[in-house]
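Model, not experiment: these values are computed from the prediction.
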Amino acid sequence: QVQLVESGGGSVQAGGSLSLSCAASGLAFSTYAMSWFRQAPGKEREFVAAIPWSGRLTYYTDSVKGRFTISRDNAKNTVYLQMNSLKPEDTAVYYCGAGPNSATGSYYRNHWVYDYWGQGTQVTVSS
């Protein structure tokens, strides 16, 4: 049984930082691409960042470039999202996803390509 468990969410003031983790079990973690998406109330699930199996490349949506960093530790079956300089518009439930690898970065922006999802962790940024 595949499980993805996010942690590290919380409430922070604008300009602050949070570090999210997603621990995976029940799958060959090192062979999957991993991603972070987020969903704010009343909005669609939105791509945030992705990292293919090797971790040598990373992809980000424009609004988080330079502020967020995705990384992975295949020995620990864990993917991370370091979020700095947080803004109120970053407020959302953050989900990690596991899916196939692709040579095309734009592939990772599509939520339907992912095989597995976590339950999400709430991030709230106040102004």
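The ring of Tyr95 has its center no closer than 6.0 angstrom to the ring center of Phe37.
Taking NZ of Lys65 as the start and OG1 of Thr58 as the end, the distance is 9.5 Å to the nearest 0.5 Å. Ser21 contributes atom OG, which lies 9.5 Å from atom NZ of Lys76 (distance to the nearest 0.5 angstrom). Taking OH of Tyr108 as the start and OG of Ser102 as the end, the distance is 5.0 Å to the nearest 0.5 Å. To the nearest 0.5 angstrom, Thr31 atom OG1 is 7.5 Å from Asn101 atom CG. Rounded to the nearest 0.5 Å, atoms CD (Gln39) and CD (Gln122) are 11.0 Å apart. Atom CZ of Phe47 and atom OG1 of Thr61 lie 7.0 Å apart (nearest 0.5 Å).
Between Tyr116 and Leu27 the shortest side-chain heavy-atom distance falls below 4.5 Å. Counting heavy atoms from C-beta on, the side chains of Ser35 and Tyr114 come closer than 4.5 Å. Between Leu20 and Val79 there is no side-chain heavy-atom pair separated by less than 4.5 Å. By the 4.5 Å heavy-atom criterion applied to side chains, Tyr59 and Pro52 are counted as neighbours. At least one side-chain heavy atom of Trp36 sits under 4.5 Å from a side-chain heavy atom of Ile70.
For the 3.5 Å distance criterion, the side chains of Asp73 and Thr78 fail to qualify, holding no donor opposite an acceptor.
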Next item on the list: Please lay out, stage by stage, how Val48 and Tyr60 fare under the test side chain to side chain contact (heavy atoms under 4.5 Å, CB included).
Entry: CA-CA 6 Å; Val48 176; Tyr60 299 93; 5.9 Å; no

Next item on the list: I would like to know whether Gln13 and Leu86 meet side chain to side chain contact (heavy atoms under 4.5 Å, CB included); could you show each step before the answer?
Entry: CA-CA 8 Å; Gln13 288 193 326; Leu86 282 161; over 6 Å; no

Notebook entry, point to check: Under the side chain to side chain contact (heavy atoms under 4.5 Å, CB included) criterion, do Val123 and Met83 qualify, and how do the steps go?
Noted result: CA-CA 10 Å; Val123 171; Met83 304 186 295; 3.8 Å; yes

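At least one donor-acceptor pair under 3.5 Å links the side chain of Arg67 to the backbone N or O of Ser63. The backbone N or O of Thr121 sits nowhere less than 3.5 Å from a side-chain atom of Glu6 that would complete a donor-acceptor pair. The backbone N or O of Ala49 lies less than 3.5 Å from no partner atom in the side chain of Arg109, so there is not a single donor-acceptor pair. Remark: side-chain polar atoms of Asn77 are not paired, donor with acceptor, to backbone N or O of Phe29 under 3.5 angstrom.
Heavy-atom minimum distance, Ile51 versus Ser71: CD1-CA, 3.8 Å.
A salt bridge does not link Lys87 with Asp90: every distance from a Lys NZ or Arg NE/NH1/NH2 to an Asp or Glu carboxylate oxygen is 4.0 Å or more.
The environment of CD in Gln82 is crowded: more than 12 heavy-atom neighbours from other residues, nucleotides or ligands sit within 6.0 Å.
In this structure, Arg45 fails the cation-pi test against Trp112, since its NZ or CZ atom is not both closer than 6.0 Å to the six-membered ring centre and inside 45 degrees of the ring normal.
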